[in-house]
Amino acid sequence: MTSSEPYIFELAIKVRDYEVDAEGIVNNAVYLHYLEHTRHEFCEAAGFSFRQMHHEGLDPVVSKIEIRYIRPLGLGQSMVSKLRLHRRGPVFVFGQDIFTPDGQAVVKATVDIVSFENGKISRGERLAQAFHKFL
């Protein structure tokens, strides 16, 4: 995935009081929640929620996350979480970046997702069908 690929989804998020640590900045683990929330909102906006997928025996699961923290955010600050998507064999690769509203990079991440169907790892064909217009 290259940084020249277009983003296919973005979500505005605001830092809440319980997400900051003693230093007054967002705890590094909270960014994982922001990234996950963005993926869930993307799926729902695309017409297939995680609940629906699970009900149908399809469970996308994180297999790997690489994250680079660039600048901190603090209480009450806003951000824009953006994502890209491509497929590498059975792995769905989400390029996810978080920016300040004025475009300064906050976090750069790559999230690998694998697909389980009825409790067994799969080649991801059903998930690829769900994501077909984004791949």
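Model, not experiment: these values are computed from the prediction.
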Engineer: Check step by step if side chain to side chain donor-acceptor pair (under 3.5 Å) holds for Q96 and Y34.
Structural biologist: CA-CA 10 Å; Q96 293 190 248; Y34 295 153; over 6 Å; no
Engineer: Using atom types as modelled and distance alone, determine if a side-chain donor or acceptor of R87 lies under 3.5 Å from a backbone N or O of G89.
Structural biologist: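 Yes, because the side chain of R87 sits within donor-acceptor range (under 3.5 Å) of the backbone of G89.
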Engineer: Give a yes or no on whether a salt bridge exists between E10 and R84, defined as a side-chain N under 4.0 angstrom from a carboxylate O.
Structural biologist: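 No, this pair does not count.
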Engineer: What donor-acceptor contacts under 3.5 angstrom involve side-chain atoms of residues 21-31, with partners at least two apart or in another chain?
Structural biologist:
unit_1, atom_1, unit_2, atom_2, d
D21, OD1, E23, N, 3.0
D21, OD1, G24, N, 3.4
D21, OD1, I25, N, 3.4
N27, OD1, A29, N, 2.9
Y31, OH, L73, N, 3.3

Engineer: Should the pair E41-R39 be classified as a salt bridge under the 4.0 Å nitrogen-to-oxygen rule?
Structural biologist: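 Result for this pair is no, no salt bridge flagged.
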Engineer: For K14, what residues pass the side-chain contact (heavy atoms from CB on, under 4.5 Å) criterion, not counting sequence neighbours?
Structural biologist: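 With sequence neighbours excluded, K14 shows a side-chain contact (heavy atoms from CB on, under 4.5 Å) to S78, given in chain and number order.
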Engineer: With side chain to side chain contact (heavy atoms under 4.5 Å, CB included) as the test, would you mind laying out the steps for D59 and M53 before giving the verdict?
Structural biologist: CA-CA 6 Å; D59 294 298; M53 284 188 274; 5.9 Å; no
Engineer: How far apart are the closest heavy atoms of T38 and L83, and which atoms are they?
Structural biologist: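 Closest approach of T38 to L83, heavy atoms only: CG2-CD2, 3.9 Å.
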Engineer: Is there a side-chain contact between S63 and I113 (heavy atoms, below 4.5 Å)?
Structural biologist: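 No, side chains not in contact.
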Engineer: Which distance, rounded to the nearest 0.5 Å, do you find between the CD of Q129 and the CG of L58?
Structural biologist: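 One gets 9.5 Å once the value is rounded to the nearest 0.5 Å.
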Engineer: Considering non-hydrogen atoms only, spot the tightest contact between V93 and R88 and give its length.
Structural biologist: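 So the two residues come closest at CG2-NH1, 3.2 Å.
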Engineer: Centre-to-centre under 6.0 Å for F131 and F48, is that the case here?
Structural biologist: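 Between F131 and F48, the centre distance is under 6.0 Å.
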Engineer: Determine which pairs satisfy ring pair (Phe, Tyr, Trp, His ring centres under 6.0 Å) with at least one residue from residues 97-122, sequence neighbours left out, and list them in order.
Structural biologist: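 Counting only pairs at least two positions apart or across chains, no ring pair (Phe, Tyr, Trp, His ring centres under 6.0 Å) contact touches residues 97-122.
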Engineer: Would you indicate whether the side-chain heavy atoms of L135 and L85 approach each other to under 4.5 Å?
Structural biologist: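 In short, these two side chains touch, coming nearer than 4.5 Å.
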Engineer: Is the backbone N or O of S115 less than 3.5 Å from a side-chain atom of S122, with the two atoms forming a donor-acceptor pair by type?
Structural biologist: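 Yes; judged by distance alone, with no hydrogens or angles, the pair exists.
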Engineer: Would V61 and I121 count as a side chain to side chain contact (heavy atoms under 4.5 Å, CB included) here? Give the steps.
Structural biologist: CA-CA 10 Å; V61 177; I121 196 159; over 6 Å; no
Engineer: What's the spacing between Q77 CD and I13 CD1 if we round to 0.5 Å?
Structural biologist: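 Answer for the CD-CD1 pair, Q77 versus I13, is 13.5 Å.
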